[in-house]
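Below is one structure, written out as structure tokens; comments come after it.
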Amino acid sequence: MLPRIAFIACGCFSPPTPMHLRMFEIARDFFEMHATHKVVGGIISPTHDSYGKKGLAPSLDRCAMVKLAVQSSSWIRLSDWEVHQPQWMRTQSVLQYHQNYLNNFINSPGDEEQNGLLPGWLPQGLRDRKDPIRLKLLCGADLLESFAVPGLWANEDIEEIVANYGLVVISRCGSNPEKFIFESDILSKYQRNITLITNWVPNEVSSSLVRRLLGRGESVKYLLDDLVLNYVIRQGLYNVKSKYITDAVHPNHLNFNRTYMDNNKNTVKLDERTEQDMDESDSLLRQQARVFCCGETPRGAATKLLLNRPGPGPGQAVQVITVQGRGNMTGEPYEESQAKKQKIAQVQEL
């Protein structure tokens with residue numbers, strides 16, 4: 001019977017990139033191929049807002065983006081415990097909380113389970129066995145090298161992390177993490193708890209690179225998950241600049257003709273869903289087809305929509321209406337501008 005482990009990745013995730021998730025897959029493959037451990041789950045824990053790093057989006061947005069990014073995964077989950085603490089937490093404290101919760105859950109059902117308040121990051125099937133789970137910090141080689149930055153890490157924190165939890169380091173081809181471990185007395189002392197895995201499919205896409213491209217108005221299509229990218233654009237994060245934005249959150253909801261919309265009436269009503277079942281991408285705007293336009297939209301401001309007409313020809317005008325932002329939407333009909341309707345009618349007569 002293989003010992004059980006779980007991975008946790010701590011960081012900004014501003015925004016989360018595919019490489020953040022690839023690290024989990026690479027690590028799980030490694031342990032499964034070597035048949036040394038059974039991986040039971042992966043946890044992403046965004047840092048607290050008070051961390052204060054440049055380019056750090058609000059924790060509410062970062063958690064929403066992570067939740068969107070992991071929708072396609074059956075085993076990687078978001079933990080928002082860290083962002084809900086009163087202040088920034090040391091990595092060692094984050095590891096300790098999740099490690100203790102995992103093993104306490106296995107050994108003794110608590111009030112949380114009886115009240116149906118189990119955290120969403122908890123892996124499934126934990127009680128299939130009674131043996132404890134060891135939590136390991138999953139990171140890239142850059143985090144390992146940051147241990148040497150003066151004043152960034154306390155030596156006692158480094159020692160406790162490596163000694164009591166362990167590191168799983170995903171390094172790039174050509175890097176030399178072994179040399180860095182050799183040059184560190186603490187890491188050398190506990191090197192048996194450090195697993196080095198080489199990523200043979202390099203991916204240099206970082207959150208900072210994505211933020212830079214967004215700020216310049218350049219495309220980051222295929223560098224981010226479509227759900228994450230659409231969220232960034234809709235929320236106006238990272239000074240995003242775009243003149244024409246198509247909605248890609250739910251591709252099967254991109255209904256550009258009335259026939260398609262009529263054939264999809266058997267959808268769940270918004271008011272029948274619980275708040276727990278909804279995420280940041282849900283709104284009343286999803287009840288109709290639309291295309292966003294006119295650049296970034298401030299939060300809570302009115303949103304301009306293009307009404308889709310069946311079979312528009314080249315040069316044909318499309319009607320524009322303005323609707324209130326999500327915070328003011330209570331099912332009231334959208335108000336149309338009479339002046340704009342007259343102008344559009346004049347264009348169509350030409």
Side-chain angles (χ1 to χ4, degrees), residues 1-13 15-46 63 65-82 91 94-95 97-99 101-103 105-106 118-144 161-162 164-173 175 177-178 181 190-207 224-225 227-228:
M1 187 169 61
L2 298 177
R4 298 189 294 176
I5 58 174
F7 305 134
I8 184 169
C10 301
C12 296
F13 305 102
T17 69
M19 192 56 202
H20 287 134
L21 304 184
R22 277 295 302 160
M23 289 199 308
F24 285 90
E25 297 290 338
I26 294 169
R28 185 173 69 165
D29 283 348
F30 178 88
F31 285 101
E32 289 185 349
M33 292 174 60
H34 288 78
T36 57
H37 295 81
K38 176 178 176 58
V39 179
V40 299
I43 305 167
I44 294 180
S45 179
C63 285
M65 288 187 288
V66 170
K67 189 174 181 180
L68 292 170
V70 301
Q71 280 190 4
S72 61
S73 176
S74 61
W75 67 285
I76 307 172
R77 305 186 179 196
L78 163 73
S79 171
D80 59 1
W81 175 83
E82 186 176 353
T91 302
V94 177
L95 292 171
Y97 165 80
H98 290 87
Q99 176 77 86
Y101 199 108
L102 284 169
N103 291 320
F105 173 78
I106 295 172
L118 290 176
W121 58 264
L122 206 62
Q124 297 179 348
L126 292 181
R127 288 192 177 142
D128 293 345
R129 291 161 46 176
K130 292 298 183 182
D131 56 307
I133 295 174
R134 184 169 187 180
L135 190 65
K136 290 182 174 289
L137 179 61
L138 178 66
C139 63
D142 53 343
L143 186 141
L144 185 71
I161 290 172
V162 183
N164 297 332
Y165 304 97
L167 298 176
V168 178
V169 182
I170 310 298
S171 63
R172 297 184 299 271
C173 177
S175 62
E178 294 90 349
I181 293 174
Y190 299 103
Q191 59 181 325
R192 68 183 182 280
N193 292 337
I194 303 175
T195 303
L196 300 177
I197 306 174
T198 300
N199 175 22
W200 297 107
V201 183
N203 184 333
E204 301 299 328
V205 177
S206 64
S207 297
L224 290 180
D225 184 289
L227 301 178
V228 175

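Atoms CD1 and CG, on I161 and L135 in that order, are 11.0 Å from each other to the nearest 0.5 Å. Atoms CG and CG, on L95 and N164 in that order, are 10.0 Å from each other to the nearest 0.5 Å. Rounded to the nearest 0.5 Å, atoms NZ (K136) and CG (N193) are 6.0 Å apart. Expressed to the nearest 0.5 Å, how far CZ of R77 lies from CG of L122 amounts to 8.0 Å. How far CG of L102 is from CH2 of W121: 4.0 Å, rounded to the nearest 0.5 Å. Atoms CG and CD1, on L78 and I76 in that order, are 12.0 Å from each other to the nearest 0.5 Å.
Residues passing the side chain to side chain contact (heavy atoms under 4.5 Å, CB included) test with H37 are P3, I5, F31, sequence neighbours excluded. Considering only residues two or more places apart in sequence or on other chains, R22 meets the side-chain hydrogen bond (donor to acceptor under 3.5 Å, both in side chains) condition with none of them.
Closest of all the heavy-atom pairs between V66 and P46 is CG2-CG, 4.3 Å. Summarising the geometry of Q191 relative to I181, their closest heavy-atom pair is CB-CG2, 4.1 Å, with the distance given to 0.1 Å. Nearest heavy-atom pair, K130 versus I106, reported as atom, atom and distance to 0.1 Å: NZ-O, 3.6 Å. Considering every non-hydrogen atom in both R129 and L2, the closest pair reads NH2-O, 2.6 Å. P15 and M65 get closest at one heavy-atom pair: CB-SD, 3.8 Å. Considering all non-hydrogen atoms of both residues, L144 and P177 come closest at CD2-CB, 4.0 Å.
No side-chain donor-acceptor contact under 3.5 Å links S79 to the backbone of I44.
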Check against side-chain contact (heavy atoms from CB on, under 4.5 Å), Q124 and S74: CA-CA 10 Å; Q124 297 179 348; S74 61; over 6 Å; no

Steps toward side-chain contact (heavy atoms from CB on, under 4.5 Å) verdict (L224, T17): CA-CA 6 Å; L224 290 180; T17 69; 4.2 Å; yes

Criterion side-chain contact (heavy atoms from CB on, under 4.5 Å) on W75 and V39, from CA distance to verdict: CA-CA 10 Å; W75 67 285; V39 179; 3.8 Å; yes

Verdict with supporting geometry, M19 and N199, side-chain contact (heavy atoms from CB on, under 4.5 Å): CA-CA 11 Å; M19 192 56 202; N199 175 22; 3.2 Å; yes

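Between Y101 and P119 the shortest side-chain heavy-atom distance falls below 4.5 Å. Between L167 and T195, the closest side-chain pair of non-hydrogen atoms is not below 4.5 Å. Taking 4.5 Å as the limit, every side-chain heavy atom of W200 sits out of range of all side-chain heavy atoms of I26. No side-chain heavy atom of Y97 sits under 4.5 Å from any side-chain heavy atom of E82.
Heavy-atom contacts from other residues, nucleotides or ligands closer than 6.0 Å to CD of E32 number more than 12.
Ring geometry, F24 versus F7: the interplanar angle falls from 30° to 60°, so the pair is classed tilted.
Here the options are L143, I8, I170, the test is side chain to side chain contact (heavy atoms under 4.5 Å, CB included), and the partner is L138; only I170 passes.
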